[in-house]
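Take a look at the structure set out below.
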Amino acid sequence: MIAITAAGGTTGRHVLAALSSAGLPVRAVVHSSARADTVRAQGAREAVVADMTNPGELPAALAGCSAVVHIGPPMHPREIAMGQNVIDAAGRAGVEHVVLMSVTHPQLEPLLNHQSKLAVERHLLGSRLPFTILQPMHYMQNVNVPDCLSRGRFAQPYSLDRPLSFVDLADVGAVAATVLSALEKHTWATYELCGTDTLTGHEIAEVLTSAGGTPVRAEQVPLHAVLPEGAPDHTIDGFTRLINHYDRYGIRGNPNVLRWLLGREPTTFAQYVRRELN
Ligand SMILES: NC(=O)c1ccc[n+]([C@@H]2O[C@H](COP(=O)([O-])OP(=O)(O)OC[C@H]3O[C@@H](n4cnc5c(N)ncnc54)[C@H](OP(=O)(O)O)[C@@H]3O)[C@@H](O)[C@H]2O)c1
């Protein structure tokens, strides 16, 4: 049995779908009980509710699992503690392998979300548990294709001229399934998962226009327009640092490792857009 934490979130759903399609048995660990039925419908054999900030709830969530895929909630003030709790509980429960969902370039420490991933990676390396670390790039799924096409607008809170690389979460899920189907080949590995496209905001709008057949213009919006309502200070600070970084530098990665793991070309942004429209 393979446990997936944050299984009801965006990343979790894609990993769950890929593992289920590969015939791997999954126990979905969810936070809110309302998600338990959803993850079962999406292919999880079992669903358990646990709060990762509470170490006392994790032994039962991981009992009997041979591996765990840990996904931390994004920009959460306690993301590091949650990762440490899951890794510690995995060790105590006799879990044999941890797959950690991190991020490309976790060493970008001024970014709070990267800082959290780096701290959890370090904790995993010190745990003595066999591991595979997956480091996905900025998700294509951050671009809501139907919404952009219906509004005729693609909005982002940083310069429309900065280049950003992307990865499709379906490719990330496929890699997780490959790794978990042959753990002996992927133990002690850290894999950067990045697609082939590096696009500016203007280029994203061009792809949306051409694939959707309707004009989409790119627009830079202020940070507060994209912040989650009522977010804690850590989350606001995290988004502020991320947006400032993207605004100055963009973010880039290399697709070689993803291409090798998939055994094919990674999904392009245009292919992602067309898939979202079907
Ligand atoms: N977006 C990107 O481009 C990108 C790229 C690379 C890496 N990442 C990383 O990918 C990770 C996952 O992001 P995502 O977009 O999939 O997140 P998401 O959709 O917001 O899902 C996060 C999940 O965490 C759960 N959760 C929150 N608090 C919890 C707690 N105390 N205990 C247990 N579960 C809890 C939530 O469950 P409930 O809803 O039930 O509360 C939710 O399902 C993040 O660490 C992010 O930094 C993102």
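Note that ligands are numbered from 1 as they come in the structure, with each ligand's atoms numbered from 1 the same way.
In this comparison of His76, Arg35, His14, the heavy atom closest to atom 39 (O) of ligand 1 sits on Arg35. Looking at Glu57, Met52, Gln141, it is Met52 that brings a heavy atom closest to atom 32 (N) of ligand 1. With atom 27 (C) of ligand 1 as the reference point, the heavy atom nearest to it among Gly12, Pro73, Ala61 is part of Pro73. Comparing heavy-atom distances from atom 14 (P) of ligand 1 across Val49, Thr11, Val120 singles out Thr11 as nearest. Compare Ala34, Ala50, Ala6 by their heavy atoms: the one nearest to atom 33 (C) of ligand 1 is in Ala50.
A salt bridge does not link Asp51 with Arg78: every distance from a Lys NZ or Arg NE/NH1/NH2 to an Asp or Glu carboxylate oxygen is 4.0 Å or more. Between Asp88 and Arg92 there is no salt bridge, since no side-chain N of the basic residue sits under 4.0 Å from a carboxylate O of the acidic one. With respect to the salt-bridge test (charged N to carboxylate O, under 4.0 angstrom), the residues Arg153 and Asp147 do not qualify.
Residue contacts with ligand 1 for Met82 involve side-chain atoms from C-beta outward but no N, CA, C or O (heavy atoms, distance under 4.0 Å). Counting heavy atoms under 4.0 Å from ligand 1, residue Lys117 touches it through the side chain alone. Residue contacts with ligand 1, taken as heavy atom pairs separated by less than 4.0 Å, do not involve Ser116 at all. Under 4.0 angstrom from ligand 1, there are no non-hydrogen atoms of Val29. Here Asn113 has no heavy atoms under 4.0 Å from ligand 1, in either its backbone or its side chain.
Here's the thing with Thr10: one of its N/O atoms is less than 3.5 angstrom from an N/O atom of ligand 1. Some N or O of His31 is nearer than 3.5 Å to an N or O of ligand 1, by distance alone. When only interatomic distances are considered, the shortest N/O to N/O separation between Gly9 and ligand 1 falls below 3.5 Å. For a threshold of 3.5 Å applied to N or O pairs, the pair formed by Met137 and ligand 1 contains no separation below that value. Of the N or O atoms in Asn142, one or more lie within a sub-3.5 Å distance of an N or O in ligand 1.
Residue contact check: Glu79 has heavy atoms under 4.0 Å from atoms 45 (O) of ligand 1. Near Gly8, the atoms of ligand 1 lying under 4.0 angstrom from a non-hydrogen atom of the residue are 43 (O). The ligand atoms of ligand 1 that sit less than 4.0 angstrom from a heavy atom of Ser32 are 40 (O). Atoms of ligand 1 found under 4.0 Å from any heavy atom of Asp51 (numbered from 1 in listed order, with element): 30 (C), 31 (N), 32 (N).
The two residues Ala270 and Val207 make their nearest non-hydrogen contact at CA-CG1, 3.7 Å. When all heavy atoms are compared, the tightest approach of Arg45 to Pro25 is NH1-CB, 3.4 Å.
We find the CG-CG distance between Leu223 and Leu227 to be 4.0 Å, quoted to the nearest 0.5 Å. Taken from CG in Leu16 to OG in Ser21, the straight-line distance is 9.0 Å, to the nearest 0.5 Å.
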